[in-house]
Amino acid sequence: MNGKTVVEIAKEFPLDGEIFSCEPYGEGHTNITYLVTTDKKRYIMQKMNTSIFPDSDVLMRNICGLTQYLENRGIETLHVVFTKDGKPFYRGEEGCYRVYDFIENTVVYQVAESADVLKESGKAFGEFQSFLADYDSSELVEVVKHYHDTPKRFRDFLSSLNSDILGRSINCKKEIDFVLSHSDTFSKIVEGINDGSVPIRVAHNDTKLNNILMDKDTNKARAIIDLDTVMPGSLLFDFGDSIRFGASTAREDEQDLSKVHFDITLFQAYAEGFCNAVRGKITQNEIDLLPYSAYLMTIECGSRFLADYLSGDVDFLTQYTEHNLIRARTQFRLAGEMERQFDKMSAIIDKIL
């Protein structure tokens with residue numbers, strides 16, 4: 001590394017105690033994360049991904065405003081450690097680095113080990129919405145433009161299909177037809193945001209199970225992490241993406257589609273946790289759109305994977321030639337099963353709320 005070492009960068013922050021290790025940590029794919037250990041406590045230090053999030057000042061302004069708001073209400077959250085000269089992150093020739101206090105005695109789940117774990121995750125993200133219901137979302141800046149602009153995602157897919165720069169469309173006629181046959185699916189929530197029938201709220205936008213710190217002893221949620229994508233948006237995006245990820249019976253890149261199913265029991269578990277946490281804070285229109293949001297986020301994700309496959313795998317990291325195509329197939333399999341179970345999903349939501 002040119003310039004300062006990671007230990008020297010860590011010393012730019014007023015850490016408690018003497019540093020004796022700074023090691024790579026975690027399984028994240030966006031930022032480079034280190035566990036900094038002193039003789040008194042532990043910290044998380046991250047080299048921020050300035051390719052995905054080029055404006056580090058705006059990004060950290062979003063995070064600091066949000067975490068300070070939660071801290072002032074006595075809610076456990078990430079605590080930003082400012083540099084010795086009072087800045088929310090360090091900027092140097094080595095890149096941009098930030099530091100958080102390490103939240104001790106917690107664990108992160110990569111998959112739901114039980115319906116109870118998924119229910120707790122639903123409660124955690126529902127409480128996140130509830131806690132921030134009065135937060136002025138206009139104070140947040142859209143750090144990634146058009147993140148869940150689903151009509152634009154569909155247009156991007158069409159552009160990739162029309163270009164077909166590697167001639168890959170011949171390998172995925174069935175998947176292409178699936179997206180094209182659902183072209184009227186992509187706009188409902190964005191249209192609702194535009195006409196005011198869907199409220200603009202604080203949205204986390206990456207509500208996977210592994211973005212919740214669970215207490216090791218009680219298995220109860222302690223804090224929501226990975227706040228880089230927190231922006232103005234809809235709680236429907238957060239609910240839908242959680243279901244897409246959490247109510248699937250298989251990995252996102254499972255090649256054997258016979259293993260890929262939408263589990264209505266897991267849907268119910270998450271919905272119970274989430275809906276009970278947002279009771280009284282959610283509108284009837286949002287309630288009605290919850291099942292659709294799961295379907296929409298799944299199709300959106302699948303169409304993004306397929307578009308990237310057609311474009312030569314420029315957005316998502318891949319391990320083999322058809323990796324993005326396999327990912328797209330799992331999402332379309334899930335979306336198809338959700339479509340057939342809309343009535344059951346709606347009945348579950350109606351019973352809860």
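Of the charged side-chain nitrogens involved, at least one lies within less than 4.0 Å of a carboxylate oxygen, so that Asp241 and Arg244 count as a salt-bridged pair. Using a cutoff of 4.0 Å between basic side-chain nitrogens and carboxylate oxygens, Lys4 and Glu12 are scored as salt-bridged. Using a 4.0 Å cut-off between charged side-chain N and carboxylate O, Glu252 and Lys208 make no salt bridge. In this structure, Lys11 does not pair ionically with Glu8, as no charged nitrogen and carboxylate oxygen lie closer than 4.0 Å.
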Derivation of the side chain to side chain contact (heavy atoms under 4.5 Å, CB included) call for Asp253 and Thr330:
CA-CA 7 Å; Asp253 57 359; Thr330 66; 6.0 Å; no
Test side chain to side chain contact (heavy atoms under 4.5 Å, CB included) on Lys152 and Asp156 and set out the steps.
CA-CA 6 Å; Lys152 183 180 184 302; Asp156 291 343; 3.1 Å; yes
Applying salt bridge (charged side-chain N to carboxylate O under 4.0 Å, His left out), run through Glu191 and Lys188 and close with a yes or a no.
CA-CA 5 Å; Glu191 287 177 353; Lys188 188 181 294 186; over 6 Å; no
CA sep, side-chain torsions, deciding dist, call: Thr298, Met338, side chain to side chain contact (heavy atoms under 4.5 Å, CB included)
CA-CA 9 Å; Thr298 307; Met338 289 178 188; 3.3 Å; yes
Trace of the ring pair (Phe, Tyr, Trp, His ring centres under 6.0 Å) decision for Phe239 with Tyr270
CA-CA 9 Å; Phe239 180 87; Tyr270 186 91; 5.7 Å; yes
In sequence, state the C-alpha distance, the side-chain angles, and the governing distance for Val6 and Met45, and then conclude on side chain to side chain contact (heavy atoms under 4.5 Å, CB included).
CA-CA 9 Å; Val6 289; Met45 183 170 75; 4.0 Å; yes
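In this structure, the side chains of Ile75 and Glu127 stay at 4.5 Å or more apart for every pair of heavy atoms. In this structure, the side chains of Phe128 and Leu66 come closer than 4.5 Å at one or more pairs of heavy atoms. A 4.5 Å side-chain heavy-atom check between Thr321 and Arg168 finds at least one atom pair inside the cut-off. For the pair Leu15/Val99, a side-chain contact is recorded, criterion being any heavy-atom separation below 4.5 Å from C-beta on. The side-chain heavy atoms of Leu310 and Cys172, taken from C-beta on, include a pair separated by under 4.5 Å. Side-chain contact between Ile44 and Tyr34 is absent, with no heavy-atom pair separated by less than 4.5 Å. In this structure, Lys40 and Glu18 have side chains that are not in contact, with every pair of non-hydrogen atoms separated by 4.5 Å or more. Within the 4.5 Å cutoff, the side chain of Thr37 has no heavy atoms near those of the Ile19 side chain.
Separating the CD atom in Glu142 from the CG atom in Asp149 is a distance of 8.5 Å, to the nearest 0.5 Å. Atom CZ of Phe154 is separated from atom OG of Ser183 by 4.5 Å, given to the nearest 0.5 angstrom. A distance of 4.0 Å separates OG1 in Thr33 from CD in Gln46, rounded to the nearest 0.5 Å. The CD1 atom of Ile189 sits 9.0 Å away from atom CG of Leu235, with the distance rounded to the nearest 0.5 Å. Here Ile63 contributes atom CD1 and Thr77 contributes atom OG1; the two are 10.0 Å apart, rounded to the nearest 0.5 Å. How far CZ of Arg98 is from CG of Leu59: 5.5 Å, rounded to the nearest 0.5 Å.
Other residues, nucleotides and ligands place no more than 12 heavy atoms under 6.0 Å from the CD1 atom of Ile170. The number of heavy-atom neighbours closer than 6.0 Å to CG of Asp217, taken from other residues, nucleotides and ligands shown, is above 12. The local environment of CG in Asp350 is crowded, with over 12 non-hydrogen atoms from other residues, nucleotides or ligands closer than 6.0 Å.
Ring geometry for Tyr97 versus Tyr90: interplanar angle of 30 to 60°, hence tilted.
Proximity of a side-chain donor or acceptor of His204 to a complementary backbone N or O of Phe237 within less than 3.5 Å is not detected. Gln129 places a side-chain N or O within 3.5 Å of a backbone atom of Val202 that can act as its donor or acceptor partner. Ser346 places no side-chain N or O within 3.5 Å of a backbone atom of Asp288 that could act as its donor or acceptor partner. Side-chain atoms of Arg153 do not come within 3.5 Å of backbone N or O of Glu300 as any donor-acceptor pair. Between the side chain of Asn211 and the backbone N or O of Thr207, no donor-acceptor pair lies under 3.5 Å. A distance-only check finds a donor-acceptor pair linking the side chain of Asp308 to the backbone of Val314 [under 3.5 Å]. Put simply, the side chain of Thr83 gets close to the backbone of Lys87: a donor and an acceptor are under 3.5 Å apart. When atom types are taken as modelled, the side chain of Ser242 and the backbone of Asp238 share a donor-acceptor pair closer than 3.5 angstrom. The backbone N or O of Asn49 sits less than 3.5 Å from a side-chain atom of Asn31, completing a donor-acceptor pair. Of the possible polar contacts, none joining the Ser311 side chain to the Ser160 backbone as a donor-acceptor pair under 3.5 Å is found.
Partner Glu104 forms a salt bridge (Lys or Arg N to Asp or Glu O under 4.0 Å) with one of Lys41, Arg42, Arg222 and no other, that one being Arg42.
Side-chain contact annotation: Asp206 with Thr229, donor-acceptor N/O pair under 3.5 Å absent. Looking only at atom types and distance, the side chain of Ser258 has a donor-acceptor partner in the side chain of Asp256 under 3.5 Å away. Between the side chains of Asn276 and Glu272, not a single donor N or O lies within less than 3.5 Å of an accepting N or O.
The two residues Phe186 and Leu296 come nearest to each other via the heavy atoms CA-CD1, 3.8 Å. Of all heavy-atom pairs spanning Phe89 and Cys96, the tightest one is CE1-SG, 3.8 Å. Closest of all the heavy-atom pairs between Phe13 and Lys84 is O-CE, 3.6 Å. In this structure, Leu118 and Ala247 approach most closely via the heavy-atom pair CD2-N, 4.5 Å. In this structure, Pro88 and Val80 approach most closely via the heavy-atom pair O-CG1, 3.9 Å. The heavy-atom pair separating Lys259 from Ala250 by the smallest distance is O-CB, 3.5 Å.
The ring-ring contact (aromatic ring centres under 6.0 Å, His included) pairs that include a residue from residues 333-352 are Tyr295-Phe342, where partners are two or more places apart or lie in different chains. Sorted by first and then second residue, the ring-ring contact (aromatic ring centres under 6.0 Å, His included) pairs involving residues 42-81 (not counting sequence neighbours) are Tyr69-Tyr135.
Clustering of Ile, Leu, Val, Met, Phe, Trp and Tyr side chains at separations under 4.5 Å places Phe305 together with Phe316.
Val179 and Val190 sit in two unconnected hydrophobic clusters of ILVMFWY residues. Membership requires side-chain heavy atoms under 4.5 Å apart, directly or through other members. Linking Ile, Leu, Val, Met, Phe, Trp and Tyr residues whenever their side-chain heavy atoms come within less than 4.5 Å leaves Leu166 and Leu306 in two separate clusters. Under the 4.5 Å side-chain heavy-atom criterion for grouping Ile, Leu, Val, Met, Phe, Trp and Tyr, Val111 is not connected to Tyr109 through any hydrophobic cluster. Under the 4.5 Å side-chain heavy-atom criterion for Ile, Leu, Val, Met, Phe, Trp and Tyr, Phe332 and Leu257 are members of the same hydrophobic cluster. In terms of hydrophobic clustering, with Ile, Leu, Val, Met, Phe, Trp and Tyr side chains grouped at heavy-atom distances under 4.5 Å, Phe245 and Ile326 are assigned to different clusters.
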